[in-house]
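Just so it is clear: chains get the letters A, B, ... in the order the sequence lines come, proteins before strands, and each one is counted from 1. Just so it is clear, the values below take in all heavy atoms, side chains as well, and ignore hydrogens, waters and symmetry mates.
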2 protein chains.
Amino acid sequence: MSDTNLKSLALGTYTKLMRAAESATNRTSKVMTAAGLTISQFGVLEALYHKGPLCQRDIAAKILKSTGNITLVIDNLEKNGLVRRERDSEDRRFLTVHLTEAGTGLIAKVFADVEAAIVADLATLTAEEQETLGRLCKKLGLKGAA
Amino acid sequence: MSDTNLKSLALGTYTKLMRAAESATNRTSKVMTAAGLTISQFGVLEALYHKGPLCQRDIAAKILKSTGNITLVIDNLEKNGLVRRERDSEDRRFLTVHLTEAGTGLIAKVFADVEAAIVADLATLTAEEQETLGRLCKKLGLKGAA
DNA sequence: GGTGATTAGTTTAATATCAAACGATATGAT
DNA sequence: ATCATATCGTTTGATATTAAACTAATCACC
């Protein structure tokens with residue numbers, strides 16, 4: 001294949017990948033905003049829901065955002081009564097973030113809805129196609145980790 | 001396949017798709033920020049570069065952002081001397097946005113660099129794999145258009 | 001024990017982003 | 001001609017996001 005064709009193939013593939021990711025994101029984020037959560041807020045609640053109480057640094061690492069950003073997101077979640085901060089008595093630099101009862105109830109429901117949206121979305125592809133897509137995406141994504 | 005397995009396959013595929021898109025975005029956005037452009041600014045310049053002068057509404061539609069957002073992005077591009085606004089004499093509601101000479105020079109260079117980054121990135125996959133990935137992504141993305 | 005480096009979290013300044021309200025302009029129906 | 005409606009762009013208020021400067025607390029090493 002010529003360089004020109006390789007280039008246009010790569011650019012086309014990239015565009016399609018981006019569009020697919022964007023359209024999938026659109027559908028899941030609709031579920032989140034319908035529940036009054038931003039994408040980041042959902043990410044924080046989901047991390048706490050599946051990993052238990054975490055300090056802000058760990059939350060930032062989990063959802064790939066800066067610690068400064070997490071400060072604000074937790075502020076807003078705290079205002080809405082979904083999480084609470086607790087100063088660690090061992091090492092007073094740490095704030096451990098806990099889900100409140102309201103937070104647990106909300107994320108349980110919204111997470112299930114988001115999962116359902118994803119499953120419905122991916123149902124466009126057969127199981128075999130999903131496996132292939134996953135394998136190729138993984139190969140591509142791995143490069144980023146390096 | 002059981003419902004449980006279908007679900008975990010779909011969720012895993014979704015995660016991999018998101019990670020691949022994110023890692024590809026990270027690499028292209030590095031090129032843009034290195035040139036002093038935000039992703040949105042790049043999007044606006046690229047639209048003008050390939051489509052010629054456009055009104056703000058069309059730019060918003062092209063890069064899938066709100067018109068309110070475009071107002072700010074154009075403000076910043078104008079401050080940096082990369083674009084200029086021109087009031088349409090036919091219909092004075094419209095502002096046509098033009099690339100300046102500096103803007104044209106910058107986007108030509110940055111666009112080429114971004115393309116090169118994408119091509120390098122996608123080179124992780126063979127031509128056949130790229131075609132398969134593109135086909136599956138397109139199938140998935142199309143659902144969003146509906 | 002004290003000092004220097006490190007770490008956790010906050011704050012600040014800049015940009016992004018949307019939805020909704022708004023102002024100016026144009027169009028259409030009567 | 002006039003008034004209602006629609007359209008383009010701006011503004012506003014809220015949240016997101018980062019990088020960088022900063023504070024508070026801890027740790028490591030001598």
Side-chain angles (χ1 to χ4, degrees), chain A residues 22 25-26 28-48 53-98, chain B residues 22 25-48 53-80 82-98:
Chain A
E22 190 181 0
T25 301
N26 283 345
T28 55
S29 70
K30 250 179 221 162
V31 176
M32 298 172 197
T33 56
L37 293 175
T38 66
I39 296 174
S40 291
Q41 287 173 347
F42 175 86
V44 170
L45 294 181
E46 195 259 323
L48 297 175
L54 294 172
C55 72
Q56 297 190 185
R57 198 200 171 314
D58 289 348
I59 295 172
K62 178 75 169 51
I63 70 172
L64 304 175
K65 296 291 153 65
S66 67
T67 63
N69 181 20
I70 293 302
T71 293
L72 179 68
V73 175
I74 304 280
D75 280 352
N76 289 325
L77 287 172
E78 204 172 32
K79 262 185 231 158
N80 296 335
L82 300 174
V83 303
R84 90 190 126 76
R85 288 175 161 108
E86 209 169 280
R87 183 68 68 178
D88 187 326
S89 53
E90 301 274 317
D91 185 336
R92 298 186 43 73
R93 286 174 303 183
F94 286 77
L95 283 173
T96 306
V97 183
H98 298 255
Chain B
E22 190 180 359
T25 302
N26 283 345
R27 280 186 284 274
T28 54
S29 70
K30 249 179 221 160
V31 176
M32 298 172 197
T33 56
L37 293 175
T38 66
I39 296 175
S40 291
Q41 288 173 348
F42 174 85
V44 170
L45 294 181
E46 195 259 324
L48 297 175
L54 294 172
C55 72
Q56 297 190 186
R57 197 198 172 319
D58 289 347
I59 296 173
K62 177 74 169 52
I63 71 172
L64 303 174
K65 296 292 153 63
S66 67
T67 62
N69 181 20
I70 293 302
T71 292
L72 179 68
V73 176
I74 304 281
D75 280 352
N76 289 324
L77 287 172
E78 204 171 32
K79 262 184 232 159
N80 296 335
L82 300 174
V83 303
R84 92 190 125 77
R85 287 173 162 109
E86 209 169 281
R87 182 68 68 179
D88 187 327
S89 54
E90 301 275 317
D91 185 335
R92 298 185 44 73
R93 288 173 302 181
F94 287 78
L95 283 174
T96 305
V97 183
H98 297 254

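Rounded to whole Å, the distance from CD on A:Gln41 to P on D:dT15 is 8 Å. For the pair B:Asn26 CG and D:dT18 C1', the interatomic distance rounds to 13 Å; values are reported in whole Å. Regarding B:Ile70, its CD1 atom lies at a distance of 13 Å from the C1' atom of C:dT15, rounded to whole Å. Protein atom CZ of B:Arg57 is 12 Å distant from nucleotide atom C1' of D:dA6, rounded to whole Å.
Nearest heavy-atom pair, B:Thr96 versus B:Pro53, reported as atom, atom and distance to 0.1 Å: CG2-CB, 3.6 Å. Across all non-hydrogen atoms, the minimal contact from A:Gln41 to A:Gly36 is OE1-O, 3.9 Å.
Residues from residues 73-85 of chain A placing a heavy atom under 4.0 Å of any atom in DNA chain D, listed by number, are A:Asn76. Within residues 87-97 of chain A, the residues approaching DNA chain C are A:Arg93, A:Phe94, A:Leu95, by heavy-atom distance under 4.0 Å.
Here A:Ile63 lies out of heavy-atom contact (under 4.0 Å) with every strand. Across all strands shown, B:Thr71 has heavy atoms under 4.0 Å from base atoms, whether or not it also approaches the sugar-phosphate. If you check every strand for non-hydrogen atoms under 4.0 Å, A:Leu72 touches a base. When heavy atoms are screened at a 4.0 angstrom cut-off, B:Ile39 is found touching no nucleic acid atom at all.
For B:Thr38 and C:dT15, the shortest distance from a side-chain N or O to OP1 or OP2 is not below 4.0 Å. Note on B:Asn69: every side-chain N or O is 4.0 Å or more away from OP1 and OP2 of C:dA16.
Ranking D:dT18, C:dA16, C:dG9 by closeness to the A:Ser66 side chain, first place goes to D:dT18. Between C:dT15, D:dT10, C:dT10, one nucleotide has an atom nearer to the side chain of A:Gln56 than all others, and that is C:dT10.
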List the atom pairs, donor and acceptor, that lie under 3.5 Å between side-chain atoms in residues 59-74 of chain B and the rest of the protein, sequence neighbours left out.
| residue | atom | partner | partner atom | Å |
| --- | --- | --- | --- | --- |
| B:Ser66 | OG | B:Asn69 | N | 3.2 |
| B:Thr71 | OG1 | B:Thr67 | O | 3.3 |

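In this structure, A:Asn26 and A:Lys30 have side chains that are not in contact, with every pair of non-hydrogen atoms separated by 4.5 Å or more. Under the 4.5 Å side-chain criterion, counting only non-hydrogen atoms from C-beta, A:Arg85 is in contact with A:Asp75. Taking 4.5 Å as the limit, some side-chain heavy atom of A:Leu82 sits within range of a side-chain heavy atom of A:Leu37. The shortest side-chain heavy-atom distance between A:Arg84 and A:Val97 does not fall under the 4.5 Å cut-off.
The CZ atom of A:Arg93 sits 11.0 Å away from the CZ atom of A:Arg87 when rounded to the nearest 0.5 Å. Separation of atoms OG (B:Ser29) and CZ (B:Arg27) is listed at 10.0 Å; rounding is to 0.5 Å.
For the pair A:Gly68 and B:Asp58, both in contact range of DNA chain D, the more 5′-proximal nearest nucleotide belongs to B:Asp58.
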